[in-house]
Amino acid sequence: MKNIAVVEDEDEAAALLISYIDKYSSVTGQEFNVVRFKTAFDFLEDYKSVYAVVFTDIQMPKLNGMDAAVELRKRDKTVSIIFITNLVQYAQRGYEVDAVSFLVKPVSYYDFSMKFKKALDIYVMNEDRSITVNLPGGLCRISTDKLMFVEIMNHRLYYHLIDDVIEMTGVLSAVEKELSDYGFLRCNNCYLVNPKFVVNVKGSSLQVGNQTLQISRLRRSEFLAGLANWFAGSGTN
């Protein structure tokens with residue numbers, strides 16, 4: 001059973017959306033636990049990374065859905081977000097928080113079902129390849145497919161995502177053990193690299209995304225062998 005959040009201040013709009021979720025459940029045989037929140041503040045308060053999909057209205061009092069989504073992404077990088085609005089000009093900002101899609105009021109069941117299916121598919125893909133990190137403000141769930149590399153510096157860990165950097169305390173050896181099943185490779189004592197983001201290797205320099213890291217002499221052979229295996233399709237990523 002997947003948890004679904006509906007963040008909507010209008011009772012009629014929330015009821016319609018919940019009825020659509022119930023109908024989708026009857027049609028597909030999937031089970032959902034739906035939790036409705038009347039404000040974005042209520043939703044974000046003591047947020048736990050337990051939701052597969054979040055439907056959120058954009059126009060709400062005090063804290064709008066778009067700003068709430070920005071805060072949500074600081075805590076959960078994998079949940080699928082679908083905005084509900086009658087203002088299509090918000091679409092551009094939706095890309096900033098990696099939203100799955102928009103539903104324009106009045107919402108039709110056909111449009112809902114297509115976008116809900118997409119959101120669920122994306123969540124399942126991310127869930128299978130996600131990890132949870134313990135931050136000072138609480139837990140944060142991230143997808144390993146968006147994690148380029150992990151760096152340790154002055155006893156602090158830095159998770160370099162494609163759209164963010166998360167900082168926390170910890171040791172790289174523990175992270176290496178956790179990420180080994182996802183194909184991450186150690187290129188020196190400071191970096192743990194996702195091979196899918198490796199652009200090129202030249203001498204002791206390694207380009208990951210748009211950043212250049214260093215390969216240590218002691219780890220070079222093992223790292224290059226692991227990278228070759230990954231590119232050949234025999235790695236675990």
Side-chain angles (χ1 to χ4, degrees), residues 43-51 54 63 67-81 95-99 123 125-227 229-230 235-237:
F43 172 63
L44 290 174
E45 186 178 18
D46 298 324
Y47 177 82
K48 300 293 189 298
S49 300
V50 297
Y51 296 102
V54 173
L63 180 63
D67 291 338
V70 172
E71 180 60 32
L72 172 60
R73 276 293 178 238
K74 296 177 183 178
R75 312 181 193 186
D76 195 331
K77 303 290 186 181
T78 64
V79 64
S80 292
I81 299 173
Y95 292 112
E96 298 174 12
V97 293
D98 198 20
Y123 171 77
M125 179 183 67
N126 287 335
E127 183 184 38
D128 290 342
R129 301 180 62 78
S130 67
I131 61 172
T132 301
V133 295
N134 191 6
L135 303 179
L139 299 176
C140 179
R141 185 171 55 183
I142 63 177
S143 170
T144 58
D145 286 328
K146 296 181 179 180
L147 178 58
M148 297 191 296
F149 65 94
V150 183
E151 174 185 15
I152 190 164
M153 182 171 55
N154 297 326
H155 306 292
R156 300 287 292 176
L157 288 171
Y158 297 86
Y159 288 74
H160 293 261
L161 304 166
I162 59 176
D163 55 358
D164 198 6
V165 177
I166 296 175
E167 178 184 353
M168 60 177 289
T169 57
V171 293
L172 195 58
S173 57
V175 180
E176 182 179 18
K177 183 177 180 180
E178 182 178 24
L179 292 175
S180 61
D181 289 340
Y182 301 101
F184 281 68
L185 303 169
R186 190 84 166 257
C187 66
N188 63 29
N189 290 334
C190 300
Y191 300 111
L192 189 61
V193 175
N194 186 342
K196 71 175 286 186
F197 291 104
V198 172
V199 178
N200 64 57
V201 177
K202 188 175 182 179
S204 61
S205 295
L206 170 70
Q207 185 178 348
V208 181
N210 61 0
Q211 299 199 47
T212 301
L213 312 181
Q214 294 298 309
I215 306 171
S216 71
R217 180 177 58 83
L218 293 177
R219 292 187 179 271
R220 180 177 174 81
S221 296
E222 182 181 356
F223 174 78
L224 292 180
L227 189 62
N229 286 336
W230 186 87
T236 56
N237 196 329

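Just the heavy atoms: all of them, side chains too, but no hydrogens, waters or symmetry mates, feed the values below. Computed from a prediction, not measured in an experiment: that's the story for all the values here.
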Going by distance alone, is a donor N or O of one side chain under 3.5 Å from an acceptor N or O of the other, for D76 and T78?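 Note: D76 and T78 side chains meet the donor-acceptor criterion.
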How far apart are the closest heavy atoms of [X] and [Y], and which atoms are they?
X	Y	answer
V79	Y123	CA-CD1, 4.4 Å
Y47	R75	CB-NH1, 3.5 Å
Y51	R141	O-NH2, 3.0 Å

Under a 3.5 Å distance rule, please check whether R186 uses its side chain to pair with a backbone N or O of E222 as donor and acceptor.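 Between the backbone of E222 and the side chain of R186 there is no qualifying donor-acceptor contact (under 3.5 Å).
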Under 4.5 Å between any side-chain heavy atoms of [X] and [Y], yes or no?
X	Y	answer
L44	L72	yes
R73	D164	no
S49	T132	no

N/O donor to acceptor pairs below 3.5 angstrom from side-chain atoms of residues 147-157, sequence neighbours left out:
unit_1 : atom_1 : unit_2 : atom_2 : d
E151   : OE1    : H160   : NE2    : 2.9
R156   : NE     : E167   : OE2    : 3.0
R156   : NH2    : E167   : OE2    : 3.3

Measuring from E71:CD to L63:CG, what's the distance to the nearest 0.5 Å?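 Here the rounded value is 8.5 Å.
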Can you tell me how far the OH atom of Y159 sits from the CG atom of L192, to the nearest 0.5 Å?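 One finds 9.0 Å between OH of Y159 and CG of L192.
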Give the table of side-chain donor-acceptor pairs shorter than 3.5 Å for residues 204-215, with sequence neighbours excluded, one pair per line with atom names and distance.
unit_1 : atom_1 : unit_2 : atom_2 : d
S204   : OG     : Q214   : OE1    : 3.4
Q207   : OE1    : N200   : ND2    : 3.0
Q207   : NE2    : G209   : O      : 3.1

So, using side chain to side chain contact (heavy atoms under 4.5 Å, CB included) as the criterion, who are the partners of T144 when residues are at least two apart?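 So T144 forms a side chain to side chain contact (heavy atoms under 4.5 Å, CB included) with R129, I131, L179, Y182, F184.
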If the condition is side chain to side chain contact (heavy atoms under 4.5 Å, CB included), which residues does L227 pass it with, not counting sequence neighbours?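 L227 satisfies side chain to side chain contact (heavy atoms under 4.5 Å, CB included) with L185, P195, V198, V201, F223, F231 once adjacent residues are dropped.
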Which residues share a salt bridge (charged side-chain N to carboxylate O under 4.0 Å, His left out) with E178, sequence neighbours left out: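 Applying salt bridge (charged side-chain N to carboxylate O under 4.0 Å, His left out) to E178 gives none.
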Which pairs, with at least one residue in residues 199-218 and sequence neighbours excluded, count as a salt bridge (Lys or Arg N to Asp or Glu O under 4.0 Å)?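 Checked against salt bridge (Lys or Arg N to Asp or Glu O under 4.0 Å) - neighbours excluded - no pair reaches residues 199-218.
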